[in-house]
Structure formats: structure tokens, C-alpha cells
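Notes to accompany the following structure.
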2 protein chains.
Amino acid sequence: MSTPGRGLHGRVLDTLGPAITAGEYPPGSVLRTDELAQRFEVSRSVMREAVRVLESMHLVESRRRVGVIVRPAAAWNVYDPQVIRWRLAGADRPRQLRSLTVLRSAVEPVAAALAATHATAEQCAAITECALGMVAHSRGHKLEGYLLHDVAFHRLILTASGNEMFARLGDVVEEVLAGRTHHEVMFDDPDPAAVTLHVQVAEAIREGDATRAEHLTREITEGALKELDILAPNGRPATTG
Amino acid sequence: MSTPGRGLHGRVLDTLGPAITAGEYPPGSVLRTDELAQRFEVSRSVMREAVRVLESMHLVESRRRVGVIVRPAAAWNVYDPQVIRWRLAGADRPRQLRSLTVLRSAVEPVAAALAATHATAEQCAAITECALGMVAHSRGHKLEGYLLHDVAFHRLILTASGNEMFARLGDVVEEVLAGRTHHEVMFDDPDPAAVTLHVQVAEAIREGDATRAEHLTREITEGALKELDILAPNGRPATTG
DNA sequence: AGCCCATTACGTAGGACTAATTCAAGCCCT
DNA sequence: AGGGCTTGAATTAGTCCTACGTAATGGGCT
């Protein structure tokens with residue numbers, strides 16, 4: 001995807017990272033550096049660099065006389081794009097997708113409101129163009145083209161918000177939307193209502209109507225949440241009273 | 001604060017990280033591993049481990065035959081707690097504080113709404129206790145005690161939301177609140193209206209009133225934003241029309 | 001202009017030594 | 001005799017060092 005194999009230590013991470021985030025090693029598990037080095041057939045230097053990276057993601061903790069200890073999931077840097085990808089590729093992908101979608105539902109409406117105030121003329125034009133592109137690809141099994149414009153649309157709004165924290169969530173949105181199209185069951189054509197909402201959001205931003213942009217975006221993200229509920233009912237298995 | 005000096009490479013990071021995030025090396029700057037190792041009086045191995053960590057934060061990129069290249073700020077992992085701390089300690093602290101506060105204003109209301117639905121009885125009790133603790137420390141220059149309860153209050157709500165992404169923002173909130181109390185000019189006693197809002201949020205969550213919890217929390221975060229505007233008017237110097 | 005090659009800095013390997021932490025054996029005190 | 005404290009030995013990560021591999025760059029040659 002992004003950086004597949006930036007050196008030997010990266011190769012090791014591509015295996016170890018997913019294994020840890022998948023819960024293959026329960027919290028508290030102890031790994032030993034030279035044992036791992038042997039297993040992956042790399043030198044200790046390389047293995048140590050890999051461990052340092054895992055450590056910076058708070059996936060593991062390295063203690064003398066003990067080894068490399070796997071930390072509980074609550075400690076993980078769940079905002080690290082690498083960690084997100086690893087988890088999305090793993091078993092609890094549904095839960096992860098839900099977490100990310102809820103995050104979207106919190107952030108994107110506010111981002112849209114800010115975009116309505118801050119967006120430059122060029123950004124407004126680009127956003128509108130994306131919305132029109134979505135319309136153009138909304139019928140006739142053009143899912144790939146639709147996805148492309150959809151991702152660009154949301155990414156542009158997050159950037160136009162002027163908030164760097166929001167802007168950095170573009171990758172997350174892309175991951176979620178791409179996941180919906182590729183992995184989950186995607187209806188043949190996107191929901192026409194959703195397409196219309198995107199066009200209206202573009203309008204609102206263009207007109208500088210922050211409140212309307214916010215409300216419309218909220219409708220979009222709430223739709224995404226409902227869609228998730230249909231595919232995988234109940235994030236936590238609540239006994240439907 | 002969290003892990004000051006987990007080995008030699010950590011010592012190096014404590015100096016290099018802040019330097020890079022402070023913009024001391026403009027994007028595209030080239031550092032050489034050996035040179036850095038000499039400067040910090042550590043071996044190349046240690047230096048390489050430090051570089052690997054910086055690389056995983058997307059602060060730098062390491063290329064053969066070239067060196068360690070500083071990446072533009074747009075590429076940085078701004079959600080990494082370490083990066084956040086480095087930036088908060090640096091020169092553009094005000095801008096950073098604003099970004100984080102805007103993020104709070106997006107996330108916390110939604111988190112509060114979810115908490116109203118998901119929180120256990122124990123969590124409700126703890127949240128209420130914190131709110132009462134804030135009241136108890138709201139008068140008479142008891143800022144430290146107030147801060148302690150304030151942080152715990154928001155952290156509990158983020159956790160009670162049941163969303164791991166929200167829960168991990170507890171550190172961010174702590175950093176922001178602590179910053180307000182310690183670094184910025186803090187009025188002798190906290191705003192009484194804010195204290196009341198916290199108590200009411202606790203009520204709403206206890207009663208399971210998601211909408212009310214959300215609106216009240218929104219008032220809190222909007223207050224925080226206004227407070228920022230007073231201290232450092234206009235994140236981007238907009239000519240007040 | 002295009003190709004080749006020497007330079008250069010990172011990448012990898014592996015051995016030697018240090019230091020810190022755990023665990024247990026042994027000691028002392030009660 | 002039992003419990004708690006001290007001490008020391010074993011273990012594993014941490015650090016340093018040296019050598020060699022490798023790829024990208026930039027200059028020089030054709």
C-alpha cells in the first residue's frame with residue numbers, strides 16, 4: 001500500500017505488526033529479541049530497529065532482563081496509519097471499521113463547517129468537481145470511479161477545514177471508503193440520496209453556509225453508520241430488548 | 001513526562017524530535033546518520049534506532065546515498081502523543097493548542113452522547129464524582145485540584161463512549177487542559193458557568209439523555225474555543241471585516 | 001545526449017562487552 | 001522456626017564497533 005518494504009526491518013514489521021495487532025500474542029506475552037531475529041532470519045541490529053518502531057507505536061515495551069512485552073490494546077497508537085492498516089487487515093476489522101466511522105461522524109461535520117468558512121475559491125471548485133464526478137459515476141456499476149471522487153471529496157473538505165488534525169484523517173477516510181467498496185458487500189450502485197447530499201454539501205461550502213454544510217455532512221456520516229449497522233448489526237452484541 | 005529516557009536513543013529523540021517539530025530543519029533538509037551520531041556522542045546503531053522512530057512518525061525519510069531527509073509538516077503523524085508533546089513544547093504552541101481544541105470540539109460532544117448511552121453505573125458515578133470535585137475546587141485558588149478533576153472528567157467520558165479512538169484522545173485533552181492551567185494565563189478561578197455545565201453533563205449522562213449531553217458538552221468546548229480566541233485572537237490572522 | 005562507473009551514505013551482519021533487573025539462595029532478626 | 005531482608009548469580013536487553021553489502025547520485029567519458 002503505502003511503504004511496502006522500506007528495508008529489512010520493514011519486512012519484519014509487515015509480519016510482526018499484523019500478528020500483534022491481531023491479538024496473536026496476548027497482552028503481557030514476552031518475546032525475545034534474538035529469538036525473533038532468528039525466526040525472521042535477520043541480524044539483531046535489524047530486529048532491534050523493528051522493535052524500536054513497535055515500541056514507538058506503543059505496541060510493545062522492551063525491558064531488560066525480561067524481553068519485549070506485548071502491551072494491551074488500550075495502549076496502542078490507534079491513530080497511527082500503519083496500525084490502522086494492520087488492524088483493518090486483521091480479524092477485528094468490523095469493530096475497527098465501526099470505530100473509524102464513528103470518528104468520521106464526529107469530525108467530518110465540524111470539518112465541513114470550517115471548510116465553508118475557510119475554503120479558497122480553488123478548493124470550492126475542486127470540491128464541487130468531485131461531487132459532480134460522483135454524480136457522473138453513480139449509475140451503471142462505475143464503483144471505482146465513484147470511490148475515487150468520493151475519497152477526493154472528503155479529503156478536500158478535511159484539508160479545506162484548515163485544521164491539520166482534520167486534514168490528517170484523509171487517509172482514514174480513504175481506508176474506510178475503500179474498504180466499503182472492496183471488502184464489504186456494496187450495493188450495485190450507491191444510494192442516490194447520498195449522492196445528492198454530497199452535491200448539496202458542495203453547494204453549502206461554496207455559499208459559505210457553515211451550518212448547512214455541517215448538518216448535511218452529519219446526514220452523510222449518519223448514513224454511513226446506518227449502513228454499517230445493516231452489514232454488521234450491533235458493534236457490541238447488545239441483546240435487543 | 002511519560003517516558004523520559006528509555007535508553008540512549010530516547011535521549012537523542014528528546015533533543016532531535018523537538019528540534020525537527022520546531023521547524024529548526026526546514027523540509028528537505030538533509031541530515032547524515034554518522035554526523036548526528038558524532039554530534040550526540042552515540043554509536044551509529046543507537047542513532048539508527050532513533051532515526052527509525054522518527055521515520056515511523058513520518059518526521060523524516062531515510063534515503064540511500066542521500067541521508068535522512070526532513071519531511072514537510074503535512075506528513076507528520078500529528079496524532080502521535082510524542083509528536084504532540086514536542087510541538088506543544090515548541091514555538092508554534094498556540095497554533096497547536098488551537099488545532100487540538102478544535103478537535104476536542106468535534107469529538108467530545110459525540111463522545112458524551114455515546115457515553116450517555118453506553119456508560120456503566122460505575123462510570124456514571126465516577127463522572128459525577130469528578131464534576132462534584134470540580135465544584136469543590138472551583139473557588140479559592142485551588143487550580144491544581146480543579147485541573148485534576150477536570151482532566152479525569154473528560155477522560156472518563158471519552159472512555160465511557162466505548163470508542164477506542166475517542167478514548168485515546170484522553171492524553172490530548174490532558175495536555176490541553178494542563179497547558180491552559182500552567183502555561184497560559186489562567187483566571188484566578190474557573191468560570192462558574194463552565195463548572196455548572198460540567199455538573200449538568202454528568203447529570204445528562206447519568207439520565208441517559210444523549211442529546212442533552214451532546215449539546216451541553218458542545219457548550220463546554222465552544223467555551224474553550226472562545227477562551228483561546230481571547231488569549232490568542234485569530235488562529236490565522238484574519239482581517240476582522 | 002546517453003551510458004558507465006566511482007563515490008558516498010545508508011543497510012546489514014555479527015561479535016564483544018556493559019548494565020540493569022529478576023529470582024533465589026542465604027542470612028539475620030524476631 | 002518463620003518471615004523478611006540482603007546479597008549475588010543468571011539472564012536479557014543495551015551499547016559499541018568493525019566490516020562489508022548495496023543502491024542512488026553525479027561526474028566523466030564516449
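Letters A, B, ... are given to chains in the order of the sequence lines, protein chains preceding strands, and every chain is numbered from 1. For the numbers below, each heavy atom of this structure counts, side chains included, while hydrogens, waters and symmetry mates do not.
- In this structure, A/Asn163 has no side chain to side chain donor-acceptor pair (under 3.5 Å) partners at least two apart in sequence or on a different chain.
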* To do: Do nucleotides 7-13 of chain D as a string where each nucleotide becomes B, S or -: B if the base has a protein heavy atom under 4.0 Å, S if just the sugar-phosphate does, - if no protein is that close.
  => ---BBBB
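- Read 5' to 3', the first and last nucleotides of DNA chain C with an atom closer than 4.0 Å to a heavy atom of chain B are C/dT7 to C/dT12.
- Axis angle between the ends of the helix from C/dA1-D/dT30 to C/dT30-D/dA1, five pairs each and rounded to 10 degrees, works out to 10°.
- Remark: A/Leu13 CG to A/His9 NE2 distance equals 5.5 Å, nearest 0.5 Å.
- Legend: residues meeting side chain to side chain donor-acceptor pair (under 3.5 Å) with A/Glu49, ordered by chain and number and at least two apart, are B/Arg48, B/Arg52.
- Looking at heavy atoms from C-beta onward, A/His154 lies in side-chain contact with A/Ile220 at the 4.5 angstrom threshold.
- Every residue meeting the side chain to side chain donor-acceptor pair (under 3.5 Å) condition with B/Glu174, not counting sequence neighbours, appears here in chain and number order: B/Arg155.
- Classification of the B/Tyr79-A/Tyr79 ring pair by plane angle, with boundaries at 30° and 60°, yields parallel.
- Scanning residues 37-44 of chain B for heavy-atom distances under 4.0 Å to DNA chain C yields B/Arg44.
- For B/Leu148, there are no side-chain contact (heavy atoms from CB on, under 4.5 Å) partners two or more places apart in sequence or in a different chain.
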N/O donor to acceptor pairs below 3.5 angstrom from side-chain atoms of residues 67-77 of chain A, sequence neighbours left out:
from, atom 1, to, atom 2, distance (Å)
A/Trp76, NE1, A/Arg71, O, 3.1
A/Trp76, NE1, A/Pro72, O, 3.4
A/Asn77, OD1, B/Arg168, NH2, 3.2
A/Asn77, ND2, A/Ser56, O, 3.4

Listed pairs under 3.5 Å, donor-acceptor, residues 32-39 of chain B side chains, sequence neighbours left out:
from, atom 1, to, atom 2, distance (Å)
B/Arg32, NH2, B/Glu35, OE1, 2.8
B/Arg39, NH2, B/Tyr25, OH, 3.2

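- Considering only residues two or more places apart in sequence or on other chains, A/Arg63 meets the salt bridge (charged side-chain N to carboxylate O under 4.0 Å, His left out) condition with A/Glu61.
- The distance from the CZ atom of B/Arg98 to the CG atom of B/Asp92 is 14.0 Å, given to the nearest 0.5 Å.
- Here A/Thr128 pairs with A/Leu132, A/Ala202, A/Arg206 under the side-chain contact (heavy atoms from CB on, under 4.5 Å) rule; sequence neighbours left out.
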